[in-house]
Amino acid sequence: MKMLMFHTDFVEYEPVEREGRVFEEAETGRRRFEDVILALTTVEEGDDETTVNKAVSELKDYSSKIGNRRVLIYPYAHLSNNLATPEKALETLRILREKCRAEGMEVYTSPFGWTKALSLSVKGHPLAEQFRSISPGATGAGYVPKALMMEEKIRSFWYILTPSGELVPVESFDFSGYDGLRALATYEMAKSRAVSEIPPHVDLMKRLEIADYEPGSDLGNMRWPAKGRLIKSLIEQYVTEKVIEYGGMEIETPIMYDIRHSCLESYLNRFPARQYVVKSDDREFFLRFAACFGQFLMAHDMQISYRHLPVRLYELTRYSFRREKSGELVGLKRLRAFTMPDVHALCADIQQAKEEALRRFDLSVGVLEGIGLTKDDYEMAIRFTRDFYESNRDFVVDLVRRFGKPALVEMWEERFFYFVLKWEFNFIDNLRKASALSTDQIDVENAERYGITYVDQFGNKRHPIILHCSPSGAIERVVYALLEKAYRIYKEGGKPMLPVWLSPTQVRLIPVSDKFVEDCILLCEKLETERIRADVDDRLETVEKKVRDAETEWVPYVIVFGKKEKESNVFQVRDRASNSIRQMTVEELVYEVSSKSAGKPYKKLSLPKRLSQRPSFR
RNA sequence: GCCCCGGUAGCUUAGCCCGGUAUAGCGGCGGCCUUGUAAGCCGCAGGCCGCGGGUUCGAAUCCCGCCCGGGGCUCCA
C-alpha cells in the first residue's frame, strides 16, 4: 500500500464519471473539506490486514504529529504499478476507513471507481507533505512471519519426563532437588524473554576484554578484542573438529538470500524469527538466520543414493542474523548477529533418523563437556507432537535416559512447525534465566519444500528426513555460559576462571626486577614452542601489583621469576585452580598445561608478549 | 507505541533536591623506587556536565523541547 498525505487548507473534489465495473455510489456535485489531512491511497497486490493496520498507525501517527484528526481517505491508483484487483482494493479501503474511525479519527471518504476533479491547497510547513510505502514484508517494522504470529495460538501441554519413562504433568511434579529444571519450566511456560537486570557476564566480558557492545552497529552486533577473538576462535575450531570427527562435511554458503526465492519464501513463513533485509537495486535479500538455506539449496543439487545416507552437511555460520526485540538483547546471551555451528543430517526414514539423532545427542553432550559445561550446568527440554510421542515413545525415553535427569516436555496436539520433535539443552544463568545451547530437530517438511531427494534401492526418488543440530549452540552464547558459570563459582566462594585451553594467557611470568625480563622472555619462548600461551609482565610495577593484575585477569598459572628461579630452574607456581602455590619444574608445568589442553585446538594470542607493549582495549 | 530511570574525563563516578562553569578512583603520561606472590610514592594532562531553547547578573543544577541508552508494559523460538 502506498499513501501520499497532505496537510491541506482545503480539498475539493467532484465525481465526473464512473471508471470501471467496481465502484461506489456517489452523490454528484462538488464537495469541499477545510483543514483536513488528504491521504491519497493506493492498494497493492499482497496487501492484507497487517498492511492495513500499519497504514492506520501511520495515519494516526501523522495526525497526532500535526494535531489534526480529520482525514480524507482518497482512493488513488497512481502511486503503484502493482495494483490489487479493484474488488480487493475497495474491500481493503473500507476496512482502512473503519479502523481509522475506530481509532478515533474523523474520517471522510471519496468514492472508489470514479474519475474525479480534484483541487487542493497544501499548507506550507515541513511536515505538510508525507509519503508512506507500507508492505507486509521488509520495510518499516520489519518482517514478521506467519509462524511468529501463529505462536500465540499454539496450545502447549507441559510435562516432566523422567529417565525411567514416567510422564508427569508439570503441576504435579515434585521439583525438590531439581532447582534448575524448575527454573527452566517457569521460564519456558511464561514465554517471557525480557531481561530485567543486567546479568553478571556483561561486566565480565567487558572487563576481561572478551567482548563489548559496538555503538556504531545495530544492537546485538558485538565487537571482540584480541583476547575475546582468541577464545571465540578456539571454541569455533573445537566444535568444527568434533563435528568433522562425527562425519560432518564442512561447507560454506552465502549469508544473504533472495526473499522471493520460491522455496525460501514459504520457509520464511514457517520459521519464527524476524529478519534483517538488505535492499540492492530492485531486489530484496534477507540475511540468513540459520545455515539451513545454504545447505538445503546445496543438498537440492546433490546426487544422493540411499548408500550415502545419512548425509551430514556442516557449516559454522559467521554470522547468522535475527532481529530479536531490543528488550531481549543483553550481553552475549541473545544477539542479532551470532556464530552458529549447524549440522544437518539427511536420513532415509524415521528409523534411521532416530538412530542418527541419538548419535548427535552424544556428540552434543561431548562438545559441551569439552568446552567446560557439564550436565549439572544445563537442563533438557524436549518438544514434540502427541502423534510422534505415541508412536515413538521408546526413542523419546531413550533421549531422556541418556541425559540422566528429568526433562521438561512441551507437547503439541498438532504440528505447527516443520519438525515433529526438537530437544535443547538450556543453560540456567545467575538470574535464573534459561537459554538454549545444543539442540536437534527432526524435520519432516523441508526436504519436500526444497526438492531434496535421494534414490532408494528400487530406483525411486524419495525425500529424506532432515535433522537440524547445533551441537553447542551459538558460540557467543557458549562464552556467555562460561562467564556466568565462572561468576556462579565466584559467588559460591571459589575462584572464577576459564578452562585452561581457553585462557588467553595460560602462564604469566613476573620478573622481580628488570634484570630478569630477558630470562622471562626466553622462558616464554620455550613455553610457546610447547604450544603454551605465556607472557611477561615487564611493566614498571611492583610484584604485588602484577600478581594482583594476573589474578584479576584469571591467568591460570603465575610464576614470579627472580634470582632463585634463574639458578635452580624450579618455580613457585601460583595455581589458580587449586588456589595454592606449587613447586614445579618447567617440564612439570608444560606437562600439566598440555594435559589440560589435550584434544583441544591451540592458537597463539595475538598480543605482544610484553605487557608493557599492550594497549588497553577499553 | 506507552510508562519509568539515566546521560558529568577513555572507564567507573560525586555534585543536581537548596543555581556561583565540577569530585574522586582506575587508566594514560612524567618522575622517584629495582622491587619475591592480590593495589609503593609524588606530580601532570584529560571535561561544549547528551543536544537545542528558556528563566536568571549567573545554569551540570530550575523550566520546555529533542536525541541517545537502560529497564518495564506490550509482543515474542
Side-chain angles (χ1 to χ4, degrees), chain A residues 53-54 56-58 60-61 64-65 103 140-142 144-145 147-154 156 187-188 190-198 202-203 206-207 209 212-213 215-216 219 270-274 289-290 322-331 334 381 383 410 412 416-419 422-424 426 434-436 439 441 468 470 473-474 495 508-517 537-555 557-566 571-576 579-582 612 614-618:
Chain A
N53 290 339
K54 284 186 198 167
V56 173
S57 72
E58 289 288 354
K60 204 178 144 192
D61 231 44
S64 70
K65 217 174 262 169
E103 288 292 328
V144 180
L148 210 53
M149 301 197 276
M150 228 162 54
E151 257 212 334
E152 62 186 293
K153 297 182 187 138
I154 297 177
S156 301
Y187 185 75
E188 280 297 321
K191 285 278 179 208
S192 170
R193 307 252 190 273
V195 180
S196 51
E197 285 173 73
I198 298 175
V202 175
D203 214 42
K206 293 183 185 179
R207 194 172 61 67
E209 294 189 356
D212 207 340
Y213 300 115
L219 299 169
R270 292 290 273 167
F271 198 98
R274 294 171 189 77
F289 44 87
R322 298 184 194 180
R323 282 188 10 127
E324 304 288 6
K325 290 212 160 181
S326 56
E328 300 176 351
L329 301 170
V330 65
R334 208 172 180 79
R383 302 155 206 269
E410 179 175 13
W412 298 303
F416 291 96
F417 301 111
Y418 52 76
F419 49 81
K422 169 188 182 182
W423 62 256
E424 330 103 33
N426 289 277
S435 38
T439 178
Q441 304 169 352
H468 302 232
S470 182
K495 281 207 169 184
R508 164 75 41 88
L509 303 175
I510 300 179
V512 291
S513 81
D514 52 12
K515 290 198 276 291
F516 299 100
V517 170
D537 193 345
D538 62 332
R539 295 173 305 162
L540 285 169
E541 299 286 352
T542 59
V543 171
E544 288 88 341
K545 174 70 182 286
K546 294 182 196 177
V547 169
R548 179 183 157 85
D549 286 349
E551 291 281 355
T552 56
E553 262 187 73
W554 299 2
V555 176
Y557 299 97
V558 179
I559 294 171
V560 174
F561 191 103
K563 198 167 165 225
K564 282 179 271 175
E565 286 70 20
K566 184 168 178 156
F571 305 115
Q572 306 297 321
V573 180
R574 184 177 260 264
D575 172 18
R576 186 173 184 82
N579 195 18
S580 63
I581 293 184
R582 296 161 55 202
S612 67
R614 263 181 211 181
S616 153
F617 280 88
R618 292 199 71 203

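FYI, side chains are in, hydrogens and waters are out, and symmetry mates aren't considered; it's all heavy atoms of this structure. Here is the naming used below: chain letters follow the sequence lines, and residue numbers restart at 1 for every chain.
- Comparing B:rC42 with B:rC51, their C1' atoms are spaced 40 Å from each other, to the whole Å.
- Annotation: B:rU56 and B:rU21 have their C1' atoms spaced 15 Å apart (nearest Å).
- Going from the P atom of B:rU12 to that of B:rG7 covers 12 Å, rounded to whole Å.
- Atom CG of A:Asp212 and atom C1' of B:rG10 are 12 Å apart (whole Å).
- Per the geometry, OH belonging to A:Tyr213 stands 18 Å off P belonging to B:rC68, to the nearest Å.
- Contact annotation: the side chain of A:Leu509 never approaches that of A:Phe571 to less than 4.5 Å [non-hydrogen atoms, C-beta and beyond].
- Here, B:rC17 and B:rG6 have their P atoms 14 Å apart, quoted to the whole Å.
- Atom C1' of B:rU61 sits at a distance of 15 Å from the matching atom of B:rU23, rounded to the whole Å.
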**Q.** For RNA chain B, the dot-bracket pattern of Watson-Crick and G-U pairs whose distances stay under 3.5 Å, | for other-strand partners
**A.** (((((((..(((.......[...))).(((((.......))))).....(((((..]....))))))))))))....
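- For the ring-ring contact (aromatic ring centres under 6.0 Å, His included) with A:His468, the qualifying choice from A:Tyr418, A:Trp423, A:Phe419 is A:Tyr418, the only one to do so.
- If you take atom C1' in B:rU37 and the same atom in B:rC32, they sit 24 Å apart, rounded to whole Å.
- The CD atom of A:Glu103 sits 13 Å away from the P atom of B:rC2 (whole-angstrom rounding).
- For the P atom pair drawn from B:rG65 and B:rC2, the interatomic distance equals 14 Å after rounding to whole Å.
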Q) When you check every protein heavy atom under 4.0 Å of nucleotides 33-38 of chain B, what one-letter string (B, S, -) results, 5' to 3'? A) -BBBBB
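- Surrounding CG of A:Asp203 are at most 12 heavy atoms belonging to other residues, nucleotides or ligands under 6.0 Å away.
- For the C1' atoms, the distance from B:rG15 to B:rG30 is 30 Å, rounded to whole Å.
- Partners of A:Ser580 by side-chain hydrogen bond (donor to acceptor under 3.5 Å, both in side chains), not counting sequence neighbours, listed by chain and number: A:Ser578.
- Remark: A:Arg574 engages A:Glu551 in a salt bridge, criterion side-chain N to carboxylate O under 4.0 Å.
- How far OG of A:Ser470 is from CD of A:Glu424: 11.5 Å, rounded to the nearest 0.5 Å.
- Applying the side-chain hydrogen bond (donor to acceptor under 3.5 Å, both in side chains) criterion to A:Lys545, with sequence neighbours excluded, gives no partner residue.
- For the side chain to side chain contact (heavy atoms under 4.5 Å, CB included) with A:Lys546, the lone residue among A:Asp537, A:Val512, A:Asp538 that qualifies is A:Asp537.
- The side-chain contact (heavy atoms from CB on, under 4.5 Å) check on A:Lys563 picks up A:Phe516, A:Glu567, with sequence neighbours excluded.
- With rounding to the nearest 0.5 Å, the separation of CG in A:Asn426 from OG1 in A:Thr439 is 9.0 Å.
- Enclosure of atom NZ in A:Lys566 is not indicated, since only 12 or fewer non-hydrogen atoms of other residues, nucleotides or ligands lie within 6.0 angstrom.
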Set out, line by line, the N/O atom pairs under 3.5 Å between protein and nucleotides 4-8 of chain B.
none

